Amino acid sequence: MSLRTRLVLLFTISIAVCVGLVTWVATLRMRAAFEAADAQHTAALVAQFRQEFQRRSQEVCTRLDEVTMGDATVRVAVEAARPQPDYSTFLDEAHLLAEPHHLDFLELVAQDGTIISSAQWPARFGYKEEWIAQQGERWSSEGAFLKREELPDGPVLALVAVRPVRIAETTIYAVGGIGLDRQFLASLVLPSGMRALLYTNTSPGFSARSLEDAGGPLANASPLQPFIQQLQQSPREMSQVIAWPHASSETVQAIPLQGRNNELLAILLVASSRHDLLELEVRLRKIAFLVGGIGILIGLILSLWAASHVTRPVEQLAVAASDVAAGNWDTHVDVKSSDEIGQLAESFNQMTSNLIEQRDRLVQTERVAAWRELARRLAHELKNPLFPLQITIENLLRARDRSPEQFDEVFRESTTTLLSELSNLKAIVGRFSDFAKMPAPQLQSVDVNELARRALALYQAQFSAPGKPAITARVDFAADPAVVQADPDLLHRAVSNLILNAMDAMPEGGTLTVRTGNRGDVLRIDIGDTGTGLTKEECERLFTPYYTTKQHGTGLGLAIVQSVVSDHQGKISVESEPNLGTTFHIDLPLTQAIAEIARGANVNQ
Amino acid sequence: MRPIHLRWLVISSLAFALTAHAATRPRYGGTLRVETRAAISSLDPMQQPAIAEADGRDSIVPLLFDTLVRMDANGAPQPQLSVRWQADNGNKRWQLWLRRGVVMHDGSTLTSATVAQSLTSSLAGFTVRANADSVVIESSAPASGMLAELSLPQNAIVVHGVSGALVGSGPFRITDFQPGRRLLLRANEDCWSGRPYLDMVDIALGQSLRDQAMHLQLGRADVIELAPDQVRRATQDNRRVVTSSPSELIAILIPHGTGATEDPRMREALSLAIDRGTIQNVLLQRQGDPAVALLPQWISGYSILFPTATDVARARQLRSQLPSNEPAIPLAYDPSDTIARTIAERVAVNARDAGILVQPASETALTAQSAPRIVRFRLDTSDPQGALAEAAATTDPAQVPRVLSAKTIEDLYQTERAILDDFRLLPIAHVPQSFVLSQRVRNWSMRREGSLPLDNVWVEVAGQ
């Protein structure tokens with residue numbers, strides 16, 4: 001992955017994370033604020049409920065007081081005070097009294113608790129409500145309380161009060177109240193998004209029919225079941241978030257409603273819709289996505305710009321470094337910034353300039369050294385034949401002066417020697433001339449295995465020449481056809497040179513190994529010996545022209561080999577371990593492109 | 001006191017006496033406006049409508065159609081269209097001689113063939129033959145209660161006219177009949193028992209008790225019905241209340257195939273749980289009697305043999321023998337009948353004491369024929385045999401032949417016991433028929449069985 005891509009990714013991810021973090025924090029804050037507001041609304045509603053409850057309790061007491069003070073109730077009380085009261089005529093009395101006093105429930109109860117008349121359930125006359133009689137006159141000071149009122153269709157929740165009516169020594173009771181049902185819920189003024197539900201605790205378990213809101217029983221009460229069961233087990237105020245299927249969730253605050261004996265009669269549930277919160281969250285998330293998307297886009301553009309701004313010089317530097325690595329030292333990075341990148345580019349340019357200068361100086365030095373070496377070698381090479389020539393000519397001159405009779409013989413001998421040495425000189429000059437005029441390779445398909453085999457065959461006789469230590473030739477050719485595009489004569493000459501060098505390196509005999517093999521896109525030719533090996537310094541200078549480790553070498557053999565290999569776009573290297581031997585590696589390219597390059601070179605020549 | 005004063009006193013007394021005599025002397029003419037809850041759809045006594053409608057119809061039928069015999073207040077047969085009768089062959093063959101010169105509403109004369117044709121339609125299981133000036137009724141089983149049976153309204157002599165009109169021989173003839181709404185009757189000038197005093201009787205059908213009370217108050221009605229629980233209050237209000245003997249039975253009828261009540265133990269438990277005394281004392285405002293028998297004491301004389309005491313402990317014991325998860329027993333009532341509704345609710349409360357769940361519901365919310373329901377039916381005769389036959393026809397028709405064959409009151413008791421032992425009919429109370437009359441109505445002589453005694457009634461007509 002490129003630096004630019006990494007930078008872009010880094011910038012983009014950073015922006016996305018930042019936007020996400022901001023959104024998350026905003027959502028948390030908003031939720032906290034919403035829940036605080038929701039809690040306030042709920043608390044207000046609960047307070048309203050309590051206030052309404054108190055108000056209605058007061059109303060019930062007031063209405064019941066009016067009932068007890070009415071003539072009709074007094075008539076019933078008077079009848080009750082008779083020795084043998086006849087209550088049958090008062091069957092409808094409670095009903096007649098309840099309506100004008102706006103009471104949903106009203107019962108007139110005799111002193112012993114017997115129901116004289118019941119508005120809500122007329123058929124219950126004659127039955128006893130002993131709990132009323134037990135309290136006696138103390139009812140006067142008691143306010144309204146919650147009670148489960150039995151009706152023909154089942155129990156309902158009622159807010160009732162009891163008031164005694166005393167005539168002579170006899171007391172009757174008026175028990176009246178109002179229902180706490182959906183109408184009561186409907187009377188509560190609820191803020192938008194809130195609703196009140198009432199669960200009438202008529203049975204030990206959960207009953208879906210007992211849960212209703214202002215509109216009637218809930219169609220699907222099951223999500224509230226665990227919450228209500230929890231409240232049934234431990235009645236106390238608590239809240240819970242309820243998730244409704246196909247609707248938004250609600251925060252539900254539960255207020256247990258208990259009777260005179262602390263029995264759980266009902267549960268008021270104040271539900272606050274989380275729809276607004278969820279909608280707000282969704283909206284915020286959308287905005288976050290939008291802002292995030294725009295941010296990412298802008299970030300992407302900015303990061304692309306910034307990355308390009310930062311990485312372009314780096315890329316230029318990288319390209320320039322690659323050029324330098326490839327040998328193109330005359331590379332210049334055009335960076336105009338004054339920051340670290342600019343300094344780096346300037347340093348790079350300075351470095352390449354220095355390198356070029358050093359290279360030029362080195363080339364100059366090398367060239368001088370080469371000329372010196374050439375001069376030394378030429379002097380050395382030429383001095384050897386020149387000295388015999390000088391001696392021979394001096395002998396010839398001395399022979400003509402001292403013994404003319406022997407001059408002819410000496411002359412013949414001297415001319416022979418002179419010719420021989422001149423021939424030697426000529427050969428020396430020819431070798432130098434040959435090196436100077438290395439021909440361009442004529443490429444064709446060459447089977448390297450065959451070529452190496454033929455080269456070995458030339459020296460086969462010398463491997464086991466009498467009087468000389470034997471050399472064992474070992475070949476390890478590639479199984480696949482080792483065909484390269486090469487000039488067979490030049491390559492043969494290079495291989496022969498290396499074989500000859502190997503033979504020279506093993507004066508005591510040894511093993512000469514010739515190995516070929518494919519190594520990716522190159523063909524490698526290894527020619528190794530088991531001779532005394534070379535030092536590191538020798539290895540470094542081995543291919544320098546006119547450098548030789550041999551007493552009678554011209555120092556051109558390996559230079560020629562390197563020249564041939566180089567002309568074939570190949571590489572030659574050497575490995576050597578003292579006392580173990582030396583191995584030369586020739587890598588020749590297998591690609592067709594090499595042939596084309598070589599062909600191009602020929603055309604240029 | 002001076003003589004002049006004495007003269008004036010004598011003159012004034014004579015004038016008052018004459019005026020009073022004139023006011024109490026029957027007068028012909030006028031229209032009597034009667035209102036009833038019954039929404040009668042047919043006047044044909046042979047048809048069998050719902051019980052409430054049949055009761056309303058049967059109180060009107062005697063005004064239009066005559067039976068061969070009638071039962072007097074003591075349950076003794078009296079001549080009507082037949083003047084004498086004779087039974088032989090162990091009460092399997094009855095011969096009744098017809099009254100001569102009876103003119104039907106269409107002007108025709110009553111014949112034995114007409115009577116035979118009418119009775120053949122109404123008397124199932126009997127062979128009726130015309131025989132000159134008499135008809136012969138034969139049965140395979142003894143029918144000692146034949147006269148009582150013949151006195152029932154459903155056995156009135158009716159001729160179906162060519163256009164489907166119903167032709168009778170009663171004191172009134174039909175002028176206009178709008179089923180369920182109005183029935184207008186006109187005096188039968190040729191009635192064999194004499195022309196009634198009233199010219200017309202205008203009967204408004206299907207009127208609620210509340211509307212009836214309002215119409216009486218506004219002077220738009222002369223005779224209205226009164227629910228038993230309103231009798232005391234109406235009397236206290238000095239209304240003209242007339243009341244029959246307790247001739248109407250209020251009961252719970254449990255048809256076959258009604259779920260939990262198919263088990264006789266459940267039915268018996270329900271019967272034992274009902275506090276009939278309190279229902280009669282409070283709900284019915286002491287009108288009528290608590291009932292565990294089909295026939296009231298004043299008709300049968302043996303109803304005291306049926307114990308009325310509530311036995312909740314026994315009811316609980318019976319209930320405990322049944323599965324505890326039985327569903328609530330629906331108890332239907334006529335939504336327009338407040339007495340039926342309050343009784344149903346009280347029965348539900350009583351049943352709860354025995355662990356039986358009863359759910360009162362209006363007939364409109366239930367299929368009346370398939371659910372236990374509160375029924376009220378009037379006994380149209382004071383004869384125990386006829387009354388029991390009438391009750392059996394409503395509750396257990398298979399017992400009718402046995403009722404008619406009863407020879408002694410002991411037989412009737414055993415038959416009634418057999419009917420009730422199945423607990424398909426749970427009597428609750430016998431209540432009287434009560435009416436409130438306007439000040440115009442005169443000479444109202446309430447019959448014990450509660451039918452409308454319009455043949456001798458006359459009304460004060462303005463200007464007379």
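The analysis underlying the following values was restricted to heavy atoms, covering all of them including side chains, and did not include hydrogens, waters or symmetry mates. Only a predicted model underlies this, so the values are computations on that prediction, with no experimental measurement involved. Naming convention: chains lettered A, B, ... in sequence-line order (proteins, then strands); numbering from 1 in each chain.
Within a 6.0 Å sphere centred on CZ of A/Arg209, other residues, nucleotides and ligands contribute 12 heavy atoms or fewer. At most 12 heavy atoms of other shown residues, nucleotides or ligands fall within 6.0 angstrom of atom CZ in B/Arg210. Within a 6.0 Å radius of CD in A/Glu169, no more than 12 heavy atoms belonging to other residues, nucleotides or ligands are found. The local environment of CG in A/Asp71 is sparse, with at most 12 non-hydrogen atoms from other residues, nucleotides or ligands closer than 6.0 Å.
For the options B/Ile279, B/Val282, B/Leu284, heavy-atom pairs under 4.5 Å to chain A are most numerous at B/Val282. Of the listed residues B/Val358, B/Ile343, B/Asn350, the one with more heavy-atom pairs under 4.5 angstrom with chain A than any other is B/Asn350. Among the candidates B/Leu283, B/Asn281, B/Val349, the residue making the largest number of heavy-atom pairs closer than 4.5 Å to chain A is B/Val349.
When all heavy atoms are compared, the tightest approach of A/Glu150 to B/Arg352 is OE1-NH1, 4.0 Å. The shortest heavy-atom contact between B/Gln285 and A/Thr89 is OE1-CA, 3.6 Å. Scanning all heavy atoms of the two residues, the minimum distance from B/Arg346 to A/Ala123 falls at NH1-O, 2.5 Å.
The part of B/Thr342 that comes within reach of chain A is its backbone (N, CA, C, O), which places non-hydrogen atoms under 4.5 angstrom from that chain.
Atom OH in A/Tyr127 sits 3.5 Å away from atom CG in B/Asp353 (nearest 0.5 Å).
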Steps toward salt bridge (Lys or Arg N to Asp or Glu O under 4.0 Å) verdict (B/Arg233, A/Asp92): CA-CA 12 Å; B/Arg233 182 162 291 178; A/Asp92 288 336; 5.5 Å; no
